[in-house]
Protein chains: 2
Amino acid sequence: MARRTERASPGRRGPLDLGILPGLLGYRMRRAQLALYQDFLAACEPFTLRQTQFAVLEILERNPGAAPSAVSSALGIKRTNFVPLFDELARRGLAERRADPSDRRARGLFLTKAGAALVARARAAILGHEARLAARLGADDAETLRALLERAEAATQMNES
Amino acid sequence: MARRTERASPGRRGPLDLGILPGLLGYRMRRAQLALYQDFLAACEPFTLRQTQFAVLEILERNPGAAPSAVSSALGIKRTNFVPLFDELARRGLAERRADPSDRRARGLFLTKAGAALVARARAAILGHEARLAARLGADDAETLRALLERAEAATQMNES
DNA sequence: TATTGTTATACTCTATAACTATA
DNA sequence: TATAGTTATAGAGTATAACAATA
């Protein structure tokens, strides 16, 4: 055990005063997002999937043959950064690119059988994780939070006309 | 103008089906956080400060002489990553490390005059930005969102006993 | 032995510019 | 001339291991 020694002028004891930070939506959002993301990672650990990787698989399940640019823009990822992300899924045999006969520049993205099987299991785990979180918050509050997050995203100046 | 050509089997038209994503708190949180962060960056652009840099200055204003490890842990940053972050603030003459006479391993962190002046201006800009966001959401809903984010962070399994 | 600050390093995420092959 | 996909590259953010000085 290290003894707590008194300290001279530099360095107060006890928890720090965070000033205006705890009242800021941006600060609260960052903290909550980090905490939830850690949670999500833990839930997905058996599948070795991160948020974005799951999102790509989920979208391909619903939209077989979707174009890389469509998927990346739907997720708010630059198409240039989507390439290595998808490469990794392809390398793991979860998804694949196919040539588009009608436009030889384009590609269609598809899940493999293994990808479809994995996304089904991951989806179940994620829904379970969400259900546990909602139970802790209370179902009504969880839905309120979800709706407010959607409105906050839309209310951003970024989304101004 | 590029003509919209019909496409064969790979590639549906129209917006993609996002599956379960829009209903997930984790997904909504990530989208909202990104949007708010872009907003925040725009508000702080005149000061060339990112969220974390502002947070450090704000904390030092309230806690002069705080230890690097105290500040970094309060912000959820590893102390090892705090070093280059603070180096940059020091390089810009906004904050400085001072020796601690009572423990020669330790350092106390302080704002410089320039740092104090900058954080005051940045704080005003950030509070203005928050006020505009709150006005768009409605004051009550903004406070509800803030409180729910705090509860969501606490409700995380990460924070389990 | 443990703690404070630090260095070195690697991996992920993000951002910009530019290339290719088509259209 | 514009578009789809891609390459190369650089900047942040984050993670682990290990070190020196000090307690």
Side-chain angles (χ1 to χ4, degrees), chain A residues 1-8 10-11 30-31 33-35 37-38 40-41 44-45 48-53 55-56 65-73 75-90 95-109 158, chain B residues 1-8 10-11 30-31 33-35 37-38 40-41 44 48-56 65-73 75-90 95-109 158:
Chain A
M1 286 286 182
R3 274 231 299 142
R4 259 285 151 246
T5 50
E6 282 306 311
R7 198 185 271 222
R30 189 177 79 101
R31 307 269 315 184
Q33 205 266 326
L34 251 63
Y37 186 51
Q38 287 311 113
F40 180 97
L41 277 184
C44 281
E45 203 209 308
T48 325
L49 286 176
R50 280 162 307 209
Q51 251 178 356
T52 313
Q53 292 175 314
V56 170
S69 52
V71 176
S72 57
S73 95
L75 292 176
I77 298 168
K78 303 225 174 263
R79 71 194 196 288
T80 188
N81 294 325
F82 183 77
V83 177
L85 166 59
F86 191 85
D87 281 346
E88 170 68 9
L89 296 175
E96 61 187 14
R97 299 171 169 97
R98 295 188 200 157
D100 182 334
S102 70
D103 182 342
R104 293 176 53 201
R105 296 171 303 182
R107 308 253 180 261
L109 304 182
M158 198 181 79
Chain B
M1 287 281 184
R3 274 231 301 143
R4 259 283 151 247
T5 50
E6 282 306 308
R7 199 186 270 223
R30 188 176 80 100
R31 307 270 313 185
Q33 205 266 327
L34 252 63
Y37 186 50
Q38 287 309 114
F40 180 97
L41 277 184
C44 282
T48 325
L49 286 177
R50 279 162 309 215
Q51 250 178 355
T52 313
Q53 292 175 314
F54 169 75
V56 170
S69 52
V71 177
S72 56
S73 95
L75 292 176
I77 298 168
K78 306 231 172 254
R79 71 194 195 290
T80 189
N81 293 326
F82 183 77
V83 177
L85 167 58
F86 191 85
D87 281 347
E88 170 68 8
L89 296 175
E96 61 187 13
R97 299 171 169 98
R98 294 188 201 158
D100 182 334
S102 69
D103 182 343
R104 293 176 52 202
R105 295 171 303 183
R107 308 253 182 260
L109 304 182
M158 200 181 78

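For B:Asp87, the side-chain hydrogen bond (donor to acceptor under 3.5 Å, both in side chains) partners are B:Arg97, not counting sequence neighbours. Checked against side-chain hydrogen bond (donor to acceptor under 3.5 Å, both in side chains), A:Arg105 has the following partners two or more places apart in sequence or in another chain: A:Asp103.
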Test side-chain contact (heavy atoms from CB on, under 4.5 Å) applied to B:Thr48 and B:Gln53, step by step: CA-CA 9 Å; B:Thr48 325; B:Gln53 292 175 314; over 6 Å; no

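For A:Arg107, whose side chain is taken as the heavy atoms from C-beta onward, the closest listed nucleotide among C:dT4, D:dG5, D:dA23 is D:dG5. When each of D:dG5, D:dA2, C:dG5 is scored by its nearest atom to the side-chain atoms of B:Pro68, the top-ranked nucleotide is C:dG5.
Taking atom CZ on A:Phe86 and atom P on D:dT7, their separation rounds to 13 Å, with Å as the unit. As rounded to whole Å, 11 Å separates atom C1' of C:dG5 from atom CG of B:Asp103. With rounding to whole Å, A:Asp87 atom CG is found 12 Å from D:dA8 atom P. Put simply, CG on A:Leu109 is 12 Å from C1' on D:dA4, counting in whole angstrom units. A straight line from CG of B:Asp100 to P of C:dT6 spans 13 Å, rounded to a whole angstrom. Spacing between atom CZ of B:Arg79 and atom P of D:dA15 amounts to 14 Å, rounded to whole angstrom units.
Separating the CD1 atom in A:Ile77 from the OG1 atom in A:Thr52 is a distance of 5.0 Å, to the nearest 0.5 Å. Summarising the geometry, atom CZ belonging to B:Arg31 is positioned 8.0 Å from atom CG belonging to B:Leu34; distances are rounded to the nearest 0.5 Å.
The side-chain heavy atoms of A:Gln51 and A:Tyr37, taken from C-beta on, include a pair separated by under 4.5 Å. For the pair B:Ser72/B:Asn81, no side-chain contact is recorded, criterion being any heavy-atom separation below 4.5 Å from C-beta on.
Distances shown here put a side-chain N or O of B:Arg97 below 4.0 Å from the OP1 or OP2 atom of C:dT6. Neither OP1 nor OP2 of C:dA21 sits under 4.0 Å from any side-chain N or O of A:Arg104. Taking 4.0 angstrom as the limit, A:Ser69 places a side-chain polar atom (N or O) nearer than this to OP1 or OP2 of D:dG5.
Where A:Val83 and A:Arg105 meet DNA chain D, the nucleotide closest to each residue was compared, and A:Arg105 sits on the side nearer the 5' end.
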Strictly under 4.0 angstrom, non-hydrogen atoms only: write out the protein contact profile of nucleotides 10-17 of chain C, one letter per nucleotide from the 5' end, B, S or -. --SSBBBB

